[in-house]
There are 2 protein chains.
Amino acid sequence: MNLKQLSAKLQLSQTTVSRALNDYPEVNEATRVRVKRAASKFNYQPNIRATSLATGRAKAIGHIIPINSSEVFNPIFAEFIAGASQAYSKRGYELLLTTTESNTEESVYRTIASKGSVDGVIVHAPRFKDSRISLLQELNLPFVIHGRDYSNTGDYSWIDINNRQSFYQATKLLIDLGHTRISLINGVETLNFARRRLMGFTKAMTDAQLTLDQNILFNGDLTEANGYHAATKALAFKNPPTAFLVSSYMSALGVRRAIHNANLQMGVDVSVIIHDDELSYFHNTGDVPQFTATRSSVMEAGMLAAEMLLSIIDKPETAPLTKLLEARLTIGASTGPNRSDT
Amino acid sequence: MNLKQLSAKLQLSQTTVSRALNDYPEVNEATRVRVKRAASKFNYQPNIRATSLATGRAKAIGHIIPINSSEVFNPIFAEFIAGASQAYSKRGYELLLTTTESNTEESVYRTIASKGSVDGVIVHAPRFKDSRISLLQELNLPFVIHGRDYSNTGDYSWIDINNRQSFYQATKLLIDLGHTRISLINGVETLNFARRRLMGFTKAMTDAQLTLDQNILFNGDLTEANGYHAATKALAFKNPPTAFLVSSYMSALGVRRAIHNANLQMGVDVSVIIHDDELSYFHNTGDVPQFTATRSSVMEAGMLAAEMLLSIIDKPETAPLTKLLEARLTIGASTGPNRSDT
DNA sequence: GAGGAAATTTAAAGCGCTTTGGATGATTAC
DNA sequence: GTAATCATCCAAAGCGCTTTAAATTTCCTC
């Protein structure tokens, strides 16, 4: 059923039917009711391709997921996208998902822009100095970044958590518990969030006049395996850390495994604080959660990011919008006072 | 830059330019070269909405992800989709992602069909008796199911792993190792894969004349937390299981936690076999992998499913296509002979 | 070198929608 | 009673592409 057929059935022009359905004022209320009733009776849905061709708006948002050979598909992206998706459906937008390897990234953005398949994009996993920002500005495609560029605080919209502050607080808690040798198991170092977390960590350490030991600072994809390897290596030192600060629940599961393998008890012999993105499959819940954590729902961030982007598309003059989310520090079972002799 | 402008620049008709770009035969080779060169020079990309309006093909595939209040976003879906996405980009298709709660599911499918936003869909997480199959047949929308309907083996395309066989083999291995009390930690029972795995498990048990204890058969979302709770409960029985068969790596991490908490050693006191979807964030690798597992890459399944669907769209007469993937049983460190007295 | 076939190109219609620029009555104002 | 105003409705153009039908050019053949 298309517009033409529907309007034939109603003995009305396409114009009137279209206007009735889109709530334009210049149509009699009685006919509007009649039209809407017929539309739902015949389950008429305007063809979105035709609509978007006529209006020039794609009614779709693009998410371009970077995929390295190593980091394949981060569950954190997935959850963020699930959040965004809900915001889109509410507003009648579609979500276009593209994966890309880093070497083809720029051309993917260019293609998407010139094909006109989306009205805007969400940028995932911003790097230290991210060329995508200027690219998108050049392409004149509205966007919101999940995270920020580290070097460029300029004119663009973003949503981010306060990584620095969270990791500062978490580190300070560990220090207050008497820990002095703290291992940081962080994300890939080129990523912006990892830099900011390192900054918060470093600040707390130097504030307390503790020195950093590069040997127990780790960077890598936030997988279980990487967490395990890093923690195993750290614990094997003659002077092992008494505490770990871990950038994700997933790598923390690997850290937990390493601690158990070393015949140590988490929360007693070794303390652990994680950043908890509140992934639905790895949620750190319970009266006393397993891990002490800085928490922030990445799904909610996805929803907010989507809403921001849609509002920018509606009213470009309001851009840039920014939003900084604070993580909540929650005490769980994985932290305790330093019991080592040192 | 659009077709009109491009053809004006080339002093050719839109027809010829369009044909040149789409490799139609009725255009002089020299002009084709000239056109293509100009197209790439001006970075011309046909507007996909216009193209699809003209051709009647959306050049997009829909993935509709069911989201319960409990199960939010399964990393397995994510990885499957990442695989599919690669197949789509190769063929110039877009991937449309929609999330839906189960109560609005049917209307989401209907809407997608009548809006004409996609040429086909992939159906995720088929249930025991899944109404989506007949719905999609009625809507005349090509589809491929990741999994199968349990009750309906009829006329539709699917790709699935041999769940029954895998779990039969895994169970048999445990039995051969002397285990008689085996706990099954499975997915949500309405889902087809969980049924089939249960069947394989049951067959191996009854073949060996062992009785099933309903108290140590668990169903639920395949989260870490659920794995932990199930295993903790099972191990608390007066007569605890000596082995676990676990439907995912993620819940197995919870099982591992429960085993440690009970002061038992995995692979020595308690054996564990998992099904490993080879998720990139939770890959069970190494010379001797942590877990003994039945393995099958869900990302590869996504890629294959996508290719199947595209081929069905190209040549509808070849449907239905089906593909059964065998999982590989790999011995890891989590299994050993039964050492209990029973 | 004329006739016909083959190769190459083009004009124009059409995909399903929105939107501009009228039309057509009905209503109001004087 | 006529002009001006409103409320409704409609015909037709246009979004950017593909494709049909037709025109033009080139190439053979004898």
Side-chain angles (χ1 to χ4, degrees), chain A residues 1-36 38-39 42-60 92-94 111-119, chain B residues 1-36 38-39 42-60 92-94 111-119 313-314:
Chain A
M1 168 77 52
N2 60 24
L3 227 210
K4 197 169 175 182
Q5 298 169 323
L6 181 63
S7 37
K9 268 215 167 63
L10 286 163
Q11 307 253 60
L12 284 169
S13 74
Q14 298 189 32
T15 311
T16 304
V17 175
S18 168
R19 282 188 174 142
L21 293 173
N22 292 311
D23 289 323
Y24 276 68
E26 56 273 82
V27 44
N28 188 301
E29 210 41 44
T31 36
R32 187 192 307 285
V33 170
R34 195 161 70 93
V35 170
K36 287 202 169 176
F42 296 113
N43 197 29
Y44 167 75
Q45 296 279 357
N47 180 308
I48 200 169
R49 309 272 153 173
T51 307
S52 86
L53 182 57
T55 58
R57 325 196 98 204
K59 288 288 241 170
Y93 274 72
E94 294 178 336
T111 302
I112 275 192
S114 53
K115 281 209 293 194
S117 8
V118 300
D119 296 324
Chain B
M1 169 77 52
N2 60 24
L3 226 211
K4 199 170 172 184
Q5 299 169 325
L6 182 61
S7 38
K9 267 216 167 62
L10 285 162
Q11 308 254 58
L12 284 169
S13 72
Q14 296 189 33
T15 311
T16 304
V17 175
S18 167
R19 281 186 177 143
L21 293 173
N22 292 310
D23 288 323
Y24 278 68
E26 56 274 81
V27 43
N28 188 300
E29 211 40 45
T31 35
R32 188 193 304 287
V33 169
R34 196 162 68 93
V35 169
K36 288 203 169 176
F42 297 113
N43 197 29
Y44 165 76
Q45 296 279 355
N47 179 307
I48 200 169
R49 309 272 151 172
T51 306
S52 84
L53 182 58
T55 56
R57 324 195 99 200
K59 288 287 241 170
Y93 274 73
E94 293 179 337
T111 302
I112 276 193
S114 54
K115 282 209 294 193
S117 7
V118 301
D119 296 324
I313 289 170
D314 286 345

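Sequence lines set the chain letters: A, B, ... in the order given, protein chains first and strands last, and positions in each chain run from 1.
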inquiry  = In this structure, how many angstroms lie between the C1' atom of C:dG16 and the OH atom of A:Y44, rounded?
reply    = 7 Å
request  = Verify the contact: side-chain N or O of A:N22 to OP1 or OP2 of C:dT18, cut-off strictly under 4.0 Å; return yes or no.
outcome  = yes
request  = State whether B:T15 places a side-chain N or O below 4.0 Å from either non-bridging phosphate oxygen (OP1 or OP2) of C:dT9.
outcome  = no
task = Figure out the CG/P separation between A:L12 and D:dA7, and round it to whole Å.
result = 19 Å
inquiry  = Could you check whether any side-chain heavy atom of B:K115 comes within less than 4.5 Å of a side-chain heavy atom of A:N47, counting everything from C-beta outward?
reply    = no
task = Specify the residue among A:P25 and B:T16 whose closest nucleotide of DNA chain D lies further upstream toward the 5′ end.
result = A:P25
task = Rounded to the nearest angstrom, tell me the gap between atom CD in A:E29 and atom P in D:dC9.
result = 11 Å
request  = Return the value, rounded to whole Å, for the distance between atom CD of A:Q14 and atom P of D:dT8.
outcome  = 22 Å
task = Take the protein atom CD of B:Q5 and the nucleotide atom P of D:dG14, then report the distance between them rounded to whole Å.
result = 16 Å
request  = To the nearest Å, give me how far apart CD (A:E26) and C1' (D:dC9) are.
outcome  = 10 Å
request  = Please check the phosphate of C:dG16 (OP1 and OP2 only) for any side-chain N or O of A:N2 closer than 4.0 Å.
outcome  = yes
request  = Using atom CG of B:L3 as one end and atom P of C:dA11 as the other, report the distance to the nearest whole Å.
outcome  = 14 Å
task = Kindly compute the distance separating CZ (B:F42) from OG (A:S114), expressed to the nearest 0.5 Å.
result = 14.0 Å
inquiry  = If you apply the rule side chain to side chain contact (heavy atoms under 4.5 Å, CB included), what do you find for B:T51 with A:R49, and how did you get there?
reply    = CA-CA 9 Å; B:T51 306; A:R49 309 272 153 173; over 6 Å; no
ask   = Is any side-chain heavy atom of A:D23 closer than 4.5 Å to a side-chain heavy atom of A:R32?
value = yes
query = Does OP1 or OP2 of C:dA11 have a side-chain N or O of B:S13 closer than 4.0 Å?
reply = no
request  = May I ask you to verify whether the side chain of B:R19 and the base of D:dT20 hold a donor-acceptor pair under 3.5 Å?
outcome  = yes
inquiry  = Tell me which residues in residues 47-59 of chain B lie within less than 4.0 Å of DNA chain C, going by non-hydrogen atoms.
reply    = B:L53, B:A54
query = CE of B:M1 versus C1' of D:dC17: gap in Å, rounded?
reply = 16 Å
key: Under-3.5 Å donor-acceptor pair between B:T31 side chain and C:dT8 base   = no
inquiry  = As a test of understanding, state which of B:N22, B:T15, B:T16 forms a side-chain contact (heavy atoms from CB on, under 4.5 Å) with B:S18.
reply    = B:N22
message = If the cut-off is 4.0 Å, is B:Y24 near the phosphate of D:dT18, judged by side-chain N/O to OP1 or OP2?
response = no
key: Candidate pair A:Q14 and A:N2, rule side chain to side chain contact (heavy atoms under 4.5 Å, CB included), full reasoning   = CA-CA 10 Å; A:Q14 298 189 32; A:N2 60 24; over 6 Å; no
note = Of all heavy-atom pairs linking B:A58 and B:S52, the shortest is CA-CB, 3.8 Å
